[in-house]
Colleague: 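Encoded as structure tokens, here's the structure I'll be asking about.
Quick note: numbers below take in every heavy atom, side chains included, and nothing from hydrogens, waters or symmetry partners. Because the structure is a prediction, the values reported are computed rather than measured. Atoms within a ligand are numbered from 1 in the order they appear, just like the ligands themselves. Just so you know, residue 1 is the first one in the sequence shown, and it goes up from there.
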Amino acid sequence: MSEMPKGSALPQERRVVTAIPGPKSQELAARKQAAVAAGVGAVMPVFAARAGGGVLEDVDGNSFIDLGSGIAVTSVGNSAEAVVRRAAAQLELFTHTCVMVTPYEGYVEVCEELARLTPGDHAKRSALFNSGAEAVENAVKIARSYTGRQAVVVFDHGYHGRTNLTMALTAKNMPYKQGFGPFAPEVYRVPVAYPFRWPTGPDNCAEEAAAQAIDQISKQVGARNVAAIVIEPLLGEGGFIEPAKGFLPRIAEFARDNGIVFVADEIQSGFCRTGQWFACEDEGIVPDLITTAKGIAGGLPLAAVTGRAEIMDAVHSGGLGGTYGGNPVACAAALGAIETMRELDLNAKARRIEEIMKPRLEKMAQQHGVIGEVRGRGAMIAVELVKPGTKEPDPEATAAVARHCHQAGVLVLTTGTYGNVVRFLPPLVIGEDLLNEGLDVVEEALASLG
Ligand code: PLZ
């Protein structure tokens, strides 16, 4: 392996040289089936060999245009130079102490960066964890500890993880919850302003959805029993739903008026993904707590809860932690990722990606009735597929488009409560030619639906 070029040196090209999956991937797939639990699925059953910038190369030498970033993780590119450099340097010094045993500077530095980068100029604190789900669980623990209340309010189409509490917070049954109950109590789900599917149409969606949500919280739960309202400012697994403008500010205001901790789950939408450091900035929302993961560390496992000092510090010493949370190598990688975001102005790159993608996808929508809506911001863009002329979800067409793209060397992901959304999450460093070539293949895929 040592003579192989590094991921960051990979030619930025699409190249399909075998059937997909190729023979080596098929061999590995057989080994996977015999050794790996069946519950661990794979979107595209090719095995990765190297990845860098905007491409992923498999073990058969196929090179895929990466429009998924490992689900919005490698925003700075795979094996990004600063991530590798800083993580490698840290690996040489020490790999672990456990921050609860002997702290280290990298952990503090990541928390300082989080205080600078997240919305609001109030005093902030952070705590670091390993996964997004763990961050969301801890945000709820912190909110409960601070308020002395128990209820947690979440939204239709919301996704927050696969642990027991976060399964309860997650809306969709299959594949996340089926057979895994009982779920954590004191979780209440209310409507979200989903313009494309709002029964009375998009125009009054924000006010009507907010009114319904607030009415349900007030009447069914009791506002003074609610510790936290947890929402993704741009819903990811639910189908890249942008709540109608006005909805988030109204919910945030209701939380403020009632002493409820407003938690923005920016695990998928954060760190330049939507063309801003955090998606909630779009409507000037300053969350009490914000959860981050994915893009924060360029592929190493790291997650965080960041928020108002008085809320974060309500928890007794020793009440938050975990063996690996804020691992020093992951912290070094995060500092490298953040450095890259600043140096390459990845917010501007994300906005440029939107500028390229949206007009092209909108043009495709005019030609192909299967596209019900094009939506999203920055490099978090999606098309929702329907039976032409209706709003009936078309998950079969969605799967067919994804399959066509995979066969042609473009890695796309699907998503959505109804499984009918093709989502695009390119690395923010992707070259414009490569991005356009990826879109050419999407267009071919749509045309092939016939
Ligand atoms: N909150 C908003 O998007 C993870 C899930 C993939 P973890 N989304 C990808 C899958 O099928 O498991 C996510 C998210 C939001 C929380 C999470 C959970 O983050 O790091 O996967 O635990």
Colleague: Answer yes or no: is there a side-chain heavy-atom contact under 4.5 Å between R308 and V286?
Modeller: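 Sidechains of V286 and R308: in contact.
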Colleague: Looking only at protein heavy atoms, which one is nearest to atom 13 (C) of ligand 1, and what is the separation?
Modeller: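 Nearest protein contact, heavy atoms only, for atom 13 (C) of ligand 1 is Y159 CE2, 3.5 Å.
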Colleague: Give the residue and atom name of whichever protein heavy atom lies nearest to atom 7 (P) of ligand 1, and the separation in Å to one decimal.
Modeller: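 Residue, atom and distance for the closest contact: G132 N, 3.4 Å.
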Colleague: What protein heavy atom is closest to atom 1 (N) of ligand 1, reported as residue, atom name and distance in Å?
Modeller: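 Among all protein heavy atoms, the one nearest atom 1 (N) of ligand 1 is D265 OD2, 2.7 Å.
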Colleague: Quick one: look up the protein heavy atom nearest atom 3 (O) of ligand 1 and list residue, atom name and how far away it is.
Modeller: Q268 NE2, 2.8 Å
Colleague: Judged by non-hydrogen atoms, does K294 sit under 4.0 Å from ligand 1?
Modeller: yes
Colleague: Measure Y176 to ligand 1 on non-hydrogen atoms and call it side chain, backbone, both or neither using the 4.0 Å cut-off.
Modeller: side chain
Colleague: Does a side-chain N-to-carboxylate-O contact under 4.0 Å join R85 and E339?
Modeller: yes
Colleague: What are the atoms of ligand 1, with element, lying closer than 4.0 Å to any heavy atom of R162?
Modeller: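 Heavy-atom distances to R162 below 4.0 Å select 10 (C), 11 (O), 12 (O).
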Colleague: Find all atoms of ligand 1 within a distance of less than 4.0 Å from any non-hydrogen atom belonging to I71, and give their numbers and elements.
Modeller: 6 (C), 9 (C)
Colleague: Should D58 and R50 count as an ion pair when the cut-off is N to O under 4.0 Å?
Modeller: no
Colleague: If you scan the protein for heavy atoms around atom 21 (O) of ligand 1, do you find one that is closer than 4.0 Å?
Modeller: no
Colleague: Check this for me, if you would: do E384 and R375 make a salt bridge, where the nitrogen-to-carboxylate-oxygen distance has to be below 4.0 angstrom?
Modeller: yes
Colleague: Answer yes when R352 and E355 have at least one side-chain N-carboxylate O distance shorter than 4.0 Å, and no when they do not.
Modeller: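 Yes, charged N to carboxylate O under 4.0 Å.
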Colleague: Salt bridge between E186 and R149, side-chain N to carboxylate O under 4.0 Å?
Modeller: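 Salt bridge between E186 and R149, a charged N being under 4.0 Å from a carboxylate O: no.
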Colleague: If the cut-off is 4.0 Å to any non-hydrogen atom of E232, which atoms of ligand 1 fall inside it?
Modeller: 2 (C)
Colleague: Quick test of your reading of the structure: of E266, H160, E134, E237, whose heavy atom lies closest to atom 16 (C) of ligand 1?
Modeller: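 Closest candidate by heavy-atom distance is H160.
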Colleague: With heavy-atom distances below 4.5 Å as the criterion, would you say the side chains of N327 and P301 are in contact?
Modeller: no
Colleague: I need the full list of ring-ring contact (aromatic ring centres under 6.0 Å, His included) pairs touching residues 405-428, with sequence neighbours left out, sorted by first then second residue.
Modeller: none
Colleague: Nearest 0.5 angstrom please: T74 OG1 to D66 CG, how far?
Modeller: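 It is 5.5 Å, given to the nearest 0.5 Å.
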Colleague: Using a strict 4.0 Å cut-off to heavy atoms of S131, name the atoms of ligand 1 that fall inside it.
Modeller: 20 (O), 22 (O)
Colleague: Do any nitrogen or oxygen atoms of A133 come within less than 3.5 Å of a nitrogen or oxygen of ligand 1?
Modeller: yes
